[in-house]
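As structure tokens, the structure follows; a few thoughts come after it.
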Amino acid sequence: MLYQRSSALFKEAQNVIPGGVNSPVRAFKAVGGTPIFAKSAQGAYIYDEDGNRFIDYINSWGPMLLGHAFPPVVDAVIKKTKLGTSFGMPTALETEIAELAVAMVPNIDKIRFVNSGTEACMSAIRLARGYTKKDKIIKFAGCYHGHSDSFLIAAGSGAVTFGTPNSPGVTQGTAKDTLLAKYNDIENVKALIKANKNEIAAIIIEPVAGNMGCIPPTEGFLEGLRTICDSNDILLIFDEVMTGFRLANGGVQELKGINADIVCFGKVVGGGLPVGAFAARNDIMNLLAPLGPVYQAGTLSGNPLAMSAGLAMLKAIDQDKGLMNRLEEKTKYLHNGITEALNKNNIPHTINRIGSMISVHFSDQAVVDFESAAKGNNDTFKKFFHGLLNKGIYIAPSAFETWFITDALTYQDLNETIAAVEEVAKSL
Ligand SMILES: *Cc1c(COP(=O)(O)O)cnc(C)c1O
């Protein structure tokens with residue numbers, strides 16, 4: 001495959017956009033090579049500026065659960081655009097999508113819409129701090145909650161020490177309020193809470209992790225967090241920006257039958273437009289401005305384009321009773337095919353999968369947390385990535401990302417993908 005035009009566009013972009021991209025992972029730094037410039041997309045396929053076609057397993061990092069340019073979303077946005085794109089006034093549409101979201105997701109009374117997952121998570125911890133009147137939060141190594149200061153924190157030297165900033169620009173003052181725990185390690189969480197008695201406002205977690213590859217919670221882990229939070233006056237925040245409206249209509253709360261205190265959404269909820277949201281029961285949500293003292297706002301929050309896209313998406317999910325099952329079956333089929341192809345070529349690997357999320361790790365050990373995810377062979381991954389890319393299969397350009405399966409994928413697409421994996425595996 002040729003990427004001449006993408007190369008030229010990347011060069012030009014780098015003059016005026018830092019690194020040529022508006023979000024770093026797009027730059028292919030983890031795998032090398034030139035990022036592909038997208039021109040259009042339809043269903044399961046994405047087309048680049050050189051005219052190449054790819055079967056897309058990124059799907060804009062999650063939103064395109066039903067495929068690119070999903071007609072109900074496109075139609076809704078076009079219709080709304082002609083009536084004005086933003087009013088800075090409330091609209092009936094916002095109530096309509098809020099009612100549907102509250103009906104689909106268990107355990108929430110109210111929801112507020114924002115413009116990104118980052119905003120949702122940032123607002124959720126402010127709300128949790130306002131509610132509990134405590135300052136510290138616990139997050140898990142390898143979980144991503146957007147790029148706000150409180151989350152750009154690395155583990156300190158000891159297991160129970162304060163975090164340290166992992167980006168310049170994040171102050172030590174902010175870092176000291178974020179504690180880092182190990183995913184799937186309840187004892188580690190207990191130790192942190194013990195060492196910071198009565199200081200922790202919230203534990204925030206991806207209840208199925210997707211930002212270190214796909215890592216489902218081990219048996220009893222989320223239940224354990226729920227119990228600890230209840231007995232220590234700590235709010236449990238599920239960051240379902242990736243999993244919400246994807247792993248079940250009601251996200252991981254529904255899938256695993258565990259209630260969070262605050263839930264964050266993004267990606268699918270916007271149907272491909274910039275939308276995030278956070279939600280909780282009344283006693284928590286009523287603390288938000290203008291009802292309560294916890295401030296949160298947004299000029300373009302709930303704008304009609306974003307809300308019409310989100311509403312069309314949620315309606316489609318809500319009305320399609322077979323969707324989640326179909327997605328899971330397709331993902332399972334892909335899983336089995338890839339396993340067979342890699343085994344035939346004696347490539348050590350571990351595949352994690354839940355619902356429509358799947359990740360291939362070039363490691364023969366179980367991948368259960370950030371440490372074990374980091375043990376994967378990155379050189380093998382790079383070859384795997386570029387090999388697949390050249391065969392028209394677009395997976396995430398990093399070993400730490402999940403593949404997102406869309407309902408637009410046909411079994412023929414999956415077979416084409418498996419055949420490509422088998423070819424590529426021969427050269428790994
Ligand atoms: C993508 C993501 C975010 C950040 O959302 P943005 O819309 O990129 O700001 C937060 N949390 C999780 C779990 C995510 O996957």
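In listed order, ligands and their atoms are each counted from 1. No experiment lies behind these values; they were computed from the predicted model shown. Numbers here simply count residues along the sequence, with the first being 1.
- With sequence neighbours excluded, the residues that form a side-chain contact (heavy atoms from CB on, under 4.5 Å) with S116 are T118, E119.
- The pair D261-R281 meets the salt-bridge criterion, since a charged nitrogen lies less than 4.0 angstrom from a carboxylate oxygen.
- Note: Y3 and F54 have parallel aromatic rings, judged against thresholds of 30 and 60 degrees for the angle between ring planes.
- Checked against ring pair (Phe, Tyr, Trp, His ring centres under 6.0 Å), F113 has no partners two or more places apart in sequence or in another chain.
- For ligand 1, the 4.0 Å heavy-atom shell takes in S116, G117, T118, Y144, H145, G146, E206, N211, D239, V241, M242, K267, ordered by chain and residue number.
- Ring geometry for Y57 against W403 counts as tilted: the plane angle lies between 30° and 60°, on a 0 to 90° scale.
- In this structure, the side-chain contact (heavy atoms from CB on, under 4.5 Å) partners of E371, at least two apart in sequence or on a different chain, are K182, D369.
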